[in-house]
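Report on the following structure.
A, B, ... follow the sequence lines: proteins, then strands. Residue 1 opens every chain.
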Amino acid sequence: MPQIAQLGETYASQIFWILLIFGFVFFVVGRGMVPKVLDTVSLRDRQIADDLAAAAKAREQADAEEESWRTRENANRAQAQEIISGAKAAASRSTEAQLAEANSRLDALVGEAEARIDTARAGALGEIEQVAAEAADDIVQRLAGVKVDQAAAQAAVKEALNG
Amino acid sequence: MHQFSIHPMFGTDGWEVAGYHIPFTNSALWMIIAAVGLLIFMIGGMKRELVPGRWQMAVESMTGFVDSMLAANIGPNGKKYVPYIFSLFMFILFANVLGLMPLALFGLHPFTFTSHFSATGVLAIMSFSIVLIVGFWKHKLHFFSLFVPHGTPLPMIPLIFVIELVSFLVRPFSLGLRLFVAMMAGHVLLEVLSGFVISGVNAGLGIGPVVSVLSFILMIAICALEILVAAIQAYVFALLTSLYLNDAENLH
């Protein structure tokens with residue numbers, strides 16, 4: 001077994017070289033490079049965690065914004081409904097008023113026209129009496145040669161017309 | 001057993017420092033190869049991109065593995081041991097796996113320096129020293145209460161103290177020897193089985209080829225097992241070191 005057979009002549013060399021080379025490994029690799037690699041890893045982990053947190057925050061904000069938008073939208077809709085119903089009521093009210101006004105105007109017109117018709121009819125009747133009296137007077141004068149009194153003629157006509 | 005022998009390279013047999021003979025050996029060469037391999041692996045993961053590529057992903061999964069192991073075993077205080085445990089784990093892992101590579105096909109002779117207790121012992125004593133230093137630094141002489149578990153009846157304390165002390169002092173040996181034995185056993189097993197294959201072929205017709213084929217199939221399975229062992233032993237070394245550090249860091 002060379003490990004034991006050669007121990008006397010090689011132990012110093014073995015100890016010297018392994019201390020030297022392991023020391024190099026420890027200081028260059030262990031102290032020099034490993035912390036940097038670990039830093040890189042922890043930096044990445046932190047960045048991932050930060051990104052996740054930012055994403056969660058953004059989602060929360062979006063939710064809140066949507067919520068507020070929804071309440072605003074609901075309020076707007078209610079307000080619009082109110083305006084529409086108000087406008088509807090006002091429109092129907094004004095329509096009713098206009099209708100009433102038109103009705104009354106029409107009634108007045110109709111009444112006026114009826115009155116005019118009545119006077120016209122009365123006028124016409126009077127004229128007929130007058131004409132009939134004159135005609136009767138004329139006829140009587142021609143046939144009988146009698147001069148009839150105007151008033152008597154009229155009374156006779158009236159009697160004949162109204163029977 | 002030739003694969004375990006250490007020999008000086010590049011004519012550095014004469015190197016001496018303060019009377020100690022420290023030639024640059026094949027063992028030292030493979031330590032450097034493992035270190036350079038680890039360095040190349042790490043450099044590939046140093047792009048520091050936000051979206052990692054495959055290589056960076058591999059490096060980050062290794063550091064993350066060691067980081068989470070320390071976080072699980074020691075807690076938040078374990079963060080400062082990540083460089084040491086990572087170096088230990090990856091250095092042993094690269095050494096174990098590189099020692100298994102079939103580089104002999106290309107004329108190279110891989111050498112697994114983790115199959116030498118003179119190398120694993122240094123790593124084990126280093127881990128144990130850190131445990132002692134941290135323990136006595138943080139808890140001063142209270143660190144000795146590690147050897148008296150909670151709820152020990154008063155008359156039992158001297159006995160328990162001695163048992164716990166011995167088990168504590170055995171730690172560096174078990175730590176270093178476990179890795180050395182596992183690596184050496186695997187390599188010896190492969191060597192023995194490959195010896196069977198060659199002897200079986202040389203034995204001519206009859207039972208020889210049967211032995212060869214069976215040994216060869218077994219060898220393939222054991223090769224897979226050895227790759228697993230290479231990773232597991234590196235993991236065990238790092239895990240036990242972190243458990244011992246937990247004792248020192250969080251005394252009871």
Side-chain angles (χ1 to χ4, degrees), chain A residues 1-70, chain B residues 1-8 15-17 19-25 27-29 31-32 34-35 38-39 41-43 45-52 56 59-60 62-64 66-67 79 82-88 90-91 94 113 115-123 126 180 184:
Chain A
M1 209 157 106
Q3 285 93 333
I4 293 169
Q6 290 187 309
L7 187 61
E9 47 174 323
T10 60
Y11 78 96
S13 155
Q14 286 281 79
I15 292 168
F16 173 79
W17 287 107
I18 200 164
L19 281 179
L20 190 71
I21 294 161
F22 184 75
F24 168 81
V25 167
F26 174 66
F27 284 107
V28 174
V29 172
R31 298 289 294 270
M33 298 167 122
V34 171
K36 284 182 190 151
V37 174
L38 288 175
D39 274 358
T40 311
V41 173
S42 66
L43 206 72
R44 179 185 313 133
D45 287 352
R46 197 160 55 236
Q47 182 153 9
I48 289 171
D50 285 356
D51 286 357
L52 282 178
K57 216 167 101 184
R59 199 187 51 199
E60 249 167 49
Q61 200 176 343
D63 282 352
E65 232 152 69
E66 197 197 339
E67 191 56 42
S68 78
W69 173 82
R70 203 184 295 283
Chain B
M1 288 298 178
H2 173 73
Q3 58 170 325
F4 298 118
S5 62
I6 295 174
H7 46 85
W15 284 12
E16 275 191 22
V17 168
Y20 290 105
H21 187 210
I22 52 156
F24 186 81
T25 60
S27 172
L29 174 70
M31 289 173 196
I32 285 180
L38 176 55
L39 201 62
F41 175 70
M42 290 303 288
I43 286 169
M46 293 300 287
K47 292 195 206 78
R48 314 198 65 178
E49 285 167 4
L50 187 62
V51 178
Q56 193 184 340
V59 173
E60 281 173 4
M62 295 316 276
T63 58
V66 173
D67 191 35
K79 197 88 184 163
V82 170
Y84 176 68
I85 301 288
F86 182 82
S87 308
L88 203 59
M90 293 306 279
F91 189 53
F94 268 74
F113 65 85
S115 64
H116 277 254
F117 58 81
S118 46
T120 60
V122 172
L123 298 176
M126 197 151 46
F180 143 70
M184 171 152 177

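- Both the backbone and the side chain of B:Phe24 have a heavy atom closer than 4.5 Å to some heavy atom of chain A.
- At a 4.5 Å heavy-atom cutoff, the contact between B:Met46 and chain A is made by side-chain atoms alone.
- When each of B:Ser27, B:Pro23, B:Ala34 is checked for heavy-atom pairs under 4.5 Å with chain A, B:Pro23 comes out on top.
- Chain A forms the most heavy-atom pairs under 4.5 Å with one residue out of B:Gln56, B:Met62, B:Glu60, B:Met90, and that residue is B:Glu60.
- Residue A:Val25 touches chain B through both its backbone and its side chain, counting heavy-atom pairs closer than 4.5 Å.
- In the displayed structure, A:Arg31 atom CZ is contacted under 6.0 Å by at most 12 heavy atoms of other residues, nucleotides or ligands.
- In this structure the side chain of B:Ile43 reaches within 4.5 angstrom of the side chain of A:Met33, judged on heavy atoms.
- Counting heavy atoms from C-beta on, the side chains of B:Phe91 and B:Met31 come closer than 4.5 Å.
- Here the shortest heavy-atom pairing between A:Ser13 and B:Thr25 reads OG-CG2, 3.6 Å.
- Counting heavy-atom pairs under 4.5 Å between each of B:Ser115, B:Gly64, B:Gly121 and chain A puts B:Ser115 at the top.
- Ring pair A:Phe26/B:Tyr84 is perpendicular by interplanar angle, where above 60° counts as perpendicular and below 30° as parallel.
- For a residue to count as touching a neighbouring chain, one of its non-hydrogen atoms must lie under 4.5 Å from one of that chain's; by this rule B:Leu88 touches chain A with backbone and side chain alike.
- Between B:Phe41 and B:Phe94, the closest side-chain pair of non-hydrogen atoms falls below 4.5 Å.
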